[in-house]
Enquirer: 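Got a structure here, written out as structure tokens. Questions coming.
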Amino acid sequence: MTAVETPAAADSGAAASANFRSAARTSVDIPAERVSTVVTAVLRGVHEAIRAHDVTYPEFQAAKQWLMDVGEGGEWPLFLDVFVEHVVEEVAARTQDGTKGTILGPYYLPDQQRLGSVATLPMRPDEQGDPLVFSGRVVDLTGAPLEAELDIWHADARGYYSGFAPGVPDGNLRAVVMTDSDGRFEITTVQPAPYRIPTDGPTGRLVDAAGWHPWRPAHLHLIVRAPGHRPITTQLYFAGGQYVDSDVAEAVKPELVLTPAGQVAEYDFVLEPV
Ligand code: DHB
Ligand code: FE
């Protein structure tokens, strides 16, 4: 790999920040009372940590410098999706039936190529990695088939996402796959590699300074949608894979671990009505 092709934190951080800013979001008007309640609780947590651990002035200044660096490096989406999003998802999941959700992460891109129910994800002619055939059905809570779409994206065999790492073509390993009238789909792709948080930016420096590891297990990202049903944002992992038991983003749930037979992995998605 040449220096130009090596994805750096600055590339993926800035791209993730730009992607977050450009995503269409419903704006929320948060009442003052709610802002006060939540922000007070967050600040109290910080104050308590300082008291409990006798945090010193030099440590406070190091934290200030680090926070500034995360902002300047555009790494807030990376940092928050790895270290905070899983708890927001846990709260959202309290009211969700059907297939378990998990974090969205910073690398979703909308409006990808739409493909039929038996599909091969867009990939380079010389795409590296073991073939993976991922198939299954989308059904409702009663088991009836749904005509659904699977918005799927994943890292390549080096752990890089198209649209965020230089050298990977736009749309690579991303598509929206439609199920057939029986809710079935069959997606041919390649096995993704574990994903490593960029180690050369402030988030990586923190992980290093704390003696943690910077890895997420290999995963497929999916948003599954069907008319009249609550969409699920989820990820699927691979049984026995590295870091499945120690995901830095704490986003693995036992129900989301695939057990592939050779190159074939199956999973059925269950959606609840809105
Ligand atoms: C991050 C990357 C991912 O691929 C993911 O699924 C979740 C978080 C991140 O770098 O923040
Ligand atoms: Fe990911």
Side-chain angles (χ1 to χ4, degrees), residues 6-21 23 66-67 69-71 73-90 92-93 100-110 112 121 129 132 134 150-166 168 171-175 187 189-208 210 212-224 232-238 241-253 256-258 267:
T6 308
D11 301 312
S12 36
S17 284
N19 184 41
F20 181 79
R21 282 187 203 284
W66 180 82
L67 287 159
D69 291 347
V70 175
E75 284 200 13
W76 280 118
L78 267 61
F79 178 85
L80 291 168
D81 291 356
V82 164
F83 291 106
V84 180
E85 189 188 350
H86 67 96
V87 188
V88 181
E89 197 285 324
E90 176 190 311
K100 298 284 182 201
T102 191
I103 64 172
L104 173 69
Y107 299 142
Y108 173 65
L109 292 172
Q112 300 302 313
L121 296 191
L132 171 68
F134 170 56
L150 288 90
D151 205 331
I152 181 169
W153 69 105
H154 66 83
D156 68 12
R158 295 196 300 186
Y160 301 146
Y161 285 88
S162 60
F164 297 89
V168 186
N172 208 61
L173 304 177
R174 297 175 182 271
I187 300 168
T189 182
V190 295
Q191 175 71 41
Y195 166 85
R196 192 183 67 184
I197 305 174
T199 45
D200 57 337
T203 305
R205 283 208 320 273
L206 171 71
V207 166
D208 200 39
W212 303 333
H213 79 66
W215 293 92
R216 299 211 59 223
H219 54 279
L220 305 174
H221 284 273
L222 294 128
I223 300 174
V224 185
I232 53 155
T233 298
T234 195
Q235 300 183 19
L236 296 171
Y237 306 91
F238 300 89
Q242 254 188 315
Y243 313 112
V244 170
D245 298 323
S246 65
D247 180 8
V248 65
E250 297 183 53
V252 177
K253 299 181 184 183
L256 300 177
V257 180
L258 297 166
Y267 200 84

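Atoms within a ligand are numbered from 1 in the order they appear, just like the ligands themselves.
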Enquirer: I need the minimum non-hydrogen distance between Y237 and P217, along with the two atoms involved.
Expert: CD2-CG, 3.7 Å

Enquirer: Contact between ligand 1 and E85 is defined here as a heavy atom of the residue under 4.0 Å from a ligand atom; is it met?
Expert: no

Enquirer: Please confirm whether Y161 comes under 4.0 Å of ligand 1, counting heavy atoms of the residue only.
Expert: yes

Enquirer: Has P106 got any heavy atom lying under 4.0 angstrom from an atom of ligand 1?
Expert: yes

Enquirer: Does any donor atom in the side chain of Y161 or H221 lie under 3.5 Å from an acceptor atom in the other side chain?
Expert: yes

Enquirer: Please state which protein non-hydrogen atom is closest to atom 9 (C) of ligand 1 and give its distance, to 0.1 Å?
Expert: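 For atom 9 (C) of ligand 1, the nearest protein heavy atom is V82 CG2, 3.4 Å.
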
Enquirer: Between P192 and L132, which heavy-atom pair has the shortest distance, and what is it?
Expert: CD-CD2, 4.4 Å

Enquirer: Please could you name the atoms of ligand 1 that Q235 approaches to less than 4.0 Å, counting only its heavy atoms?
Expert: 6 (O)

Enquirer: For atom 11 (O) of ligand 1, which protein heavy atom lies nearest, and how many Å away is it?
Expert: L78 O, 2.8 Å

Enquirer: So, for H219 and F238, is the gap between ring centers shorter than 6.0 Å?
Expert: no

Enquirer: Would R174 and D151 satisfy salt bridge (charged side-chain N to carboxylate O under 4.0 Å, His left out), going step by step from the backbone distance to the final call?
Expert: CA-CA 8 Å; R174 297 175 182 271; D151 205 331; over 6 Å; no

Enquirer: Among the heavy atoms of I103, does any lie under 4.0 Å from an atom of ligand 1?
Expert: yes

Enquirer: Assess the pair W153 and F164: is the distance between their ring centroids shorter than 6.0 Å?
Expert: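 Ring-ring flag for W153/F164: false, centres at least 6.0 Å apart.
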
Enquirer: For atom 2 (C) of ligand 1, what is the nearest protein heavy atom, given as residue, atom name and distance?
Expert: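 Protein heavy atom at minimum distance: Y195 CE2, 3.3 Å.
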
Enquirer: Under 4.0 Å from a heavy atom of G105: which atoms of ligand 1 are those, numbered in the order shown and with their elements?
Expert: 7 (C)

Enquirer: Taking 4.0 angstrom as the limit and counting only heavy atoms of H221, give me the atoms of ligand 1 inside it, by number and element.
Expert: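 Contacts of ligand 1 toward H221, numbered from 1: 4 (O), 6 (O).
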
Enquirer: Between atom CG of L258 and atom CZ of F134, what is the distance when rounded to the nearest 0.5 Å?
Expert: 6.0 Å

Enquirer: With no hydrogens and no angle check, just 3.5 Å: does a side-chain donor-acceptor pair link Q235 and T102?
Expert: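 Judged by distance alone, the side chains do not pair up.
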
Enquirer: Starting at CG of L222, measure out to OH of Y267 and round the result to the nearest 0.5 Å.
Expert: 9.5 Å

Enquirer: Can you give me the closest heavy-atom contact between L78 and G13, atom names plus distance?
Expert: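 Minimum heavy-atom separation between L78 and G13: CD1-CA, 4.0 Å.
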
Enquirer: Just to be sure I understand the site: which N, O or S atoms from the protein are less than 2.8 Å away from the Fe ion (ligand 2)?
Expert: Y161 OH, H219 NE2, H221 NE2

Enquirer: Drop me the distance from T233's OG1 to E89's CD, to the nearest 0.5 angstrom.
Expert: 8.5 Å

Enquirer: Would you tell me whether R216 and Q242 have side-chain atoms, one donor and one acceptor, within less than 3.5 Å of each other?
Expert: no

Enquirer: Counting only heavy atoms, which portion of R216 has something under 4.0 Å from ligand 1: side chain, backbone, both, or neither?
Expert: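 The side chain, only.
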
Enquirer: With only distance considered, is D81 within less than 3.5 Å of ligand 1 through an N or O on each side?
Expert: no

